[in-house]
Every structure is written in structure tokens, then in C-alpha cells.
Amino acid sequence: MNRKNILISLLVLAGACTAAGAADFTGRGVFNFKSDSGCPFSALAGPANECNRLALDDADTRAALDSAAHTLRFANPRSYGRKTIVGDVLLQGSGQSRHSGQRVPLTFHALLSRSGNDWSVSSHAHSPVGGEFSDIRIDPYQVVVIEGGAERVVFTPEQIAETLSRPSIAARLANEFVQVRDNRKGGATDADITVGLGLGRASKSVARAHFHAPGAKGSELSEAMRQGDWSLELQALSGQIPRQVVQRDLFLYGLESQSLLLPLMQRGFHKNEKLVLGAAGGKGYVRYDGQQREFAGADASARAFLQGSFIGLVLGWQQQQPQTPVAKKSDGR
């Protein structure tokens with residue numbers, strides 16, 4: 001992109017912010033904004049319902065949020081030598097299961113990438129149960145990129161709702177490939193799942209996740225995580241989890257600056273390694289590789305993970321529900 005188009009792109013973005021009174025986001029970081037359609041676990045989101053997410057992966061990406069017009073605009077003037085994720089959008093909603101009739105939390109997740117000067121996008125849905133959904137409730141945002149000095153709509157509200165209500169053929173195939181097993185037995189109340197890849201008995205377990213918050217349901221969950229004892233444990237059951245996936249998750253959930261986790265940032269998980277966030281008497285900690293350190297942000301990181309990731313969504317749903325079969329993932333990660 002030449003200098004003229006770079007300037008035009010930035011002016012378009014700045015003009016959108018000024019005209020609409022929108023919020024402007026710059027620099028590498030993760031930013032939350034309000035969901036008028038509610039949050040997966042309202043006790044964790046707080047009264048402001050700020051559980052929608054906007055992530056910028058590098059300093060060259062800018063975004064403008066126009067909440068009145070329900071528009072998100074992205075600009076990036078840099079040319080990339082290979083396909084690179086530069087940002088993402090996560091919108092929270094809900095739908096009615098066509099199978100059980102139960103209203104369940106649904107998440108729309110879009111990844112925005114750059115290759116050369118071109119944008120590419122992909123999207124998928126997170127849900128704690130499988131199947132199709134009706135009566136979709138999600139904020140009607142459209143996602144726009146600035147390309148060649150002009151705006152291009154990459155996701156409309158209708159496309160987002162369709163992604164949540166009727167998974168594509170690719171999503172259905174992924175749904176069959178990603179297996180989630182409920183590990184709870186004998187009246188156990190802790191949320192506990194194993195995630196595997198593959199079909200049926202041929203699936204290979206890759207991760208186990210366990211959330212311990214004794215007796216905490218509904219509004220009690222938030223209070224327990226602020227002042228009580230709780231733990232969120234993630235264990236790699238395979239050494240094949242891509243390093244890039246681990247690195248990005250540490251970024252998204254506020255953990256990449258923890259020096260204790262530097263090995264994870266550098267090489268990813270080794271088989272059977274565990275990462276634990278938790279609190280004892282309300283005092284947060286992070287534990288990894290047999291070492292534990294104080295971490296005041298443990299509560300915030302765990303809340304973000306429970307609401308923003310597929311594994312977290314299933315764990316949080318289990319924590320609030322009686323023992324029922326756990327569904328597979330709709331698509332994506």
C-alpha cells in the first residue's frame with residue numbers, strides 16, 4: 001500500500017471515530033466492550049456486561065468501535081510477508097437449542113489476518129452444547145476493514161446470526177472431529193473436561209481442564225473468585241499443541257507478561273505440563289512447572305478465559321448446570 005492509500009485509510013478510520021463519537025483503539029492489547037445481549041455468565045462479567053472483546057495483535061493495527069451504529073472498523077497500513085493474525089472480534093450472545101429447547105450462551109469469534117496488503121477473515125462459533133439454534137440474540141454488529149482507502153464489510157449482522165444458528169458443512173465436520181468428555185462422576189460438582197481430536201474411539205486426548213470453585217453458583221461465583229478459594233487448571237495431554245496457539249492464548253488472557261510462563265511463550269506445552277490460576281483466601285496466584293507465584297490478575301485472567309474461550313465456555317456452563325452430556329465444538333478453536 002502506498003503512502004497516499006495509507007493516509008486515506010487512517011483518515012477514513014479517524015473520520016468514522018469523530019463522526020460517530022466512537023472509541024478508537026490502537027496498539028497491541030485486548031479491549032472489552034458492552035454486550036447489550038448479555039454475557040455467558042453474568043456474575044463474571046459484572047454489571048457493565050463488558051464481555052464482548054476486541055483484540056489487536058500488533059502496534060500497526062487500529063480499530064474504531066461505533067456502538068451506536070453497531071460497527072467495528074479495522075485499519076492496518078503494514079505489508080506482511082506471510083499470513084499473520086492482526087486482530088480478532090468476539091461477540092457474545094445466546095440461542096435456543098433446537099434439541100432441548102434450553103437457552104444457552106453462544107459466541108461468535110472472527111479472526112482478521114493480513115498477507116501482503118490484503119485482508120483475510122475467518123469465523124466460527126463457540127457453544128457448550130451441540131446442534132442448531134433458533135431465536136439468536138446477539139448485538140447486530142458489522143465488521144469492516146479499510147482496504148485501499150475504502151471500506152469493505154467482511155461480516156454483516158445476518159452472517160453472524162447465521163454462523164451461530166446453522167453451522168456450515170466445515171463446522172459440522174469440525175464438530176465431529178473435536179470431542180469433549182465430561183469427567184465428572186459420582187455427583188462431583190467441579191467442572192472437569194477432556195478435549196480430544198479425532199473420530200470416535202480413534203480420538204486422541206490433547207488437553208484436560210478443571211475448574212474448582214466449591215459450591216459457587218450464579219452470583220456466588222463472582223464473589224467466590226474475588227474473595228474465596230478457587231482454581232482453574234489446564235493440563236496438556238499431548239506435546240503437539242501448536243506453539244502459536246499457546247502464545248496467542250497467553251496474550252488474550254493477560255498472561256504473556258508473567259516471567260514464570262516464559263517457557264510456554266518460547267516453546268509451548270510439553271506433554272502433561274499444567275498451568276494453574278487460582279486464589280487462596282482471595283489472594284491470587286499462578287502455578288507452572290512446580291513453581292507458584294503471587295498474581296493479582298489471576299481473577300481477571302480466569303474470568304476472561306471462562307467467557308472468551310471454547311474450553312472456558314464449557315467449563316463455566318458445567319459449573320452452573322447438573323451433569324449432562326457435553327457437546328462438541330462448533331468450529332475453530
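Computed from a predicted structure; not experimentally measured.
- Salt-bridge formation is detected for the pair R248/D88: a Lys NZ or Arg NE/NH1/NH2 atom is positioned less than 4.0 Å from an Asp or Glu carboxylate oxygen.
- The backbone N or O of R98 lies less than 3.5 Å from no partner atom in the side chain of E132, so there is not a single donor-acceptor pair.
- Here the side chain of R103 pairs a donor or acceptor atom with the backbone of D135 at under 3.5 angstrom.
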Could you go through the side-chain contact (heavy atoms from CB on, under 4.5 Å) check for L306 and R303 one step at a time?
-> CA-CA 5 Å; L306 289 169; R303 288 169 186 257; 5.9 Å; no
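- Counting non-hydrogen atoms of neighbouring residues, nucleotides and ligands closer than 6.0 angstrom, the NE2 atom of H99 reaches no more than 12 such neighbours.
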Apply ring-ring contact (aromatic ring centres under 6.0 Å, His included) to the pair F25 and F33, showing each step before the final yes or no.
-> CA-CA 12 Å; F25 301 94; F33 59 99; 7.6 Å; no
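- Distance alone, capped at 3.5 Å, is enough to place a donor-acceptor pair between the Q159 side chain and the T156 backbone.
- T61 places no side-chain N or O within 3.5 Å of a backbone atom of G87 that could act as its donor or acceptor partner.
- Within the 4.5 Å cutoff, the side chain of Q247 has no heavy atoms near those of the E256 side chain.
- Atom CD of Q92 sits about 10.0 Å away from atom CG of N49, to the nearest 0.5 Å.
- In terms of hydrophobic clustering, with Ile, Leu, Val, Met, Phe, Trp and Tyr side chains grouped at heavy-atom distances under 4.5 Å, L56 and V86 are assigned to a common cluster.
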Criterion side-chain contact (heavy atoms from CB on, under 4.5 Å) on V246 and I241, from CA distance to verdict = CA-CA 8 Å; V246 177; I241 300 174; 3.9 Å; yes
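- Under the 4.5 Å side-chain contact rule for hydrophobic residues, F310 and L252 share a cluster.
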Evaluate the criterion side-chain contact (heavy atoms from CB on, under 4.5 Å) for residue pair L250 and L264; output intermediate values, then yes/no.
-> CA-CA 9 Å; L250 293 176; L264 281 181; 3.9 Å; yes
Taking it one step at a time, do L255 and L277 satisfy side-chain contact (heavy atoms from CB on, under 4.5 Å)?
-> CA-CA 10 Å; L255 295 167; L277 295 174; 3.9 Å; yes
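- With hydrogens and angles ignored, the 3.5 Å screen pairs no side-chain donor or acceptor of S127 with any backbone N or O of G130.
- Side-chain atoms of T71 and Q142 include a donor-acceptor pair closer than 3.5 Å.
- For the pair Q318 (side chain) and D192 (backbone), a donor-acceptor distance under 3.5 Å is present.
- Between the side chain of S115 and the backbone N or O of D118 there is no donor-acceptor pair closer than 3.5 Å.
- For V286 against Q258, the heavy-atom pair with the smallest separation is CG1-OE1, 3.7 Å.
- Using a 4.5 Å cut-off between side-chain heavy atoms of Ile, Leu, Val, Met, Phe, Trp and Tyr, with links allowed through other members, L90 and L106 fall into different hydrophobic clusters.
- Side-chain atoms of V30 and Y253, non-hydrogen and from C-beta on, never get closer than 4.5 Å to each other.
- Here S35 contributes atom OG and R53 contributes atom CZ; the two are 13.5 Å apart, rounded to the nearest 0.5 Å.
- Counting heavy atoms from C-beta outward, F269 and L275 have side chains that approach closer than 4.5 Å.
- Closest approach of R62 and T26 over heavy atoms only: NE-CG2, 3.4 Å.
- S205 approaches S238 most closely through the heavy-atom pair O-CB, 4.1 Å.
- For the residue pair H212 and D190, a side-chain donor N or O sits within less than 3.5 Å of a side-chain acceptor on the partner.
- When side chains are defined from C-beta on, T194 counts as touching R208, because their heavy atoms get closer than 4.5 Å.
- Distance CG/L164 to OG/S134: 12.0 Å, rounded to 0.5 Å.
- Between the CG atom of D57 and the CG atom of L112 there is a distance of 9.5 Å, given to the nearest 0.5 Å.
- In this structure F155 satisfies the ring pair (Phe, Tyr, Trp, His ring centres under 6.0 Å) test together with F108, sequence neighbours excluded.
- Annotation for A298 and W230: closest pair O-CH2, 3.6 Å, computed over non-hydrogen atoms.
- You'll find the side chain of V129 stays beyond 4.5 Å of the side chain of S100, heavy atoms only.
- Using a 4.0 Å cut-off between a side-chain N of Lys or Arg and a carboxylate O of Asp or Glu, R267 and E273 qualify as a salt bridge.
- Note on K34 versus D139: no salt bridge recorded, every NZ/NE/NH1/NH2 to OD/OE distance being 4.0 Å or above.
- Judged by the 6.0 Å and 45° rule, R293 forms no cation-pi pair with Y288.
- Note: the hydrophobic cluster containing V89 does not contain V144 (ILVMFWY, side chain heavy atoms under 4.5 Å, direct or indirect links).
- In this structure, L232 CG and I311 CD1 are separated by 9.5 Å, a value rounded to the nearest 0.5 Å.
- Classification of R114 and D60 as a salt-bridged pair fails, no side-chain N sitting under 4.0 Å from a carboxylate O.
- Counting heavy atoms from C-beta on, the side chains of Q179 and V195 never come closer than 4.5 Å.
- Cluster partners of V276, using a side-chain heavy-atom cutoff of under 4.5 Å among ILVMFWY residues and allowing indirect links, are Y285.
- Y80 and D58 share a side-chain donor-acceptor pair at under 3.5 Å.
- The environment of E50 atom CD is dense: over 12 non-hydrogen atoms of other residues, nucleotides or ligands sit within 6.0 angstrom.
- Hydrophobic clustering places F31 together with L91 (ILVMFWY residues linked when any side-chain heavy atoms are closer than 4.5 Å, directly or through intermediates).
- In this structure, T163 contributes its side chain and A161 its backbone to no donor-acceptor pair below 3.5 Å.
- Rounded to the nearest 0.5 Å, atoms CZ (F211) and CG (L234) are 11.5 Å apart.
- A pairwise comparison of heavy atoms in G38 and C51 identifies O-SG, 3.9 Å as the closest pair.
- The stretch residues 227-246 participates, sequence neighbours left out, in these salt bridge (charged side-chain N to carboxylate O under 4.0 Å, His left out) pairs: E233-K274.
- Taking both residues in full, the closest heavy atoms of W119 and I146 are given as NE1-O, 3.2 Å, listed atom of the first, atom of the second, then distance.
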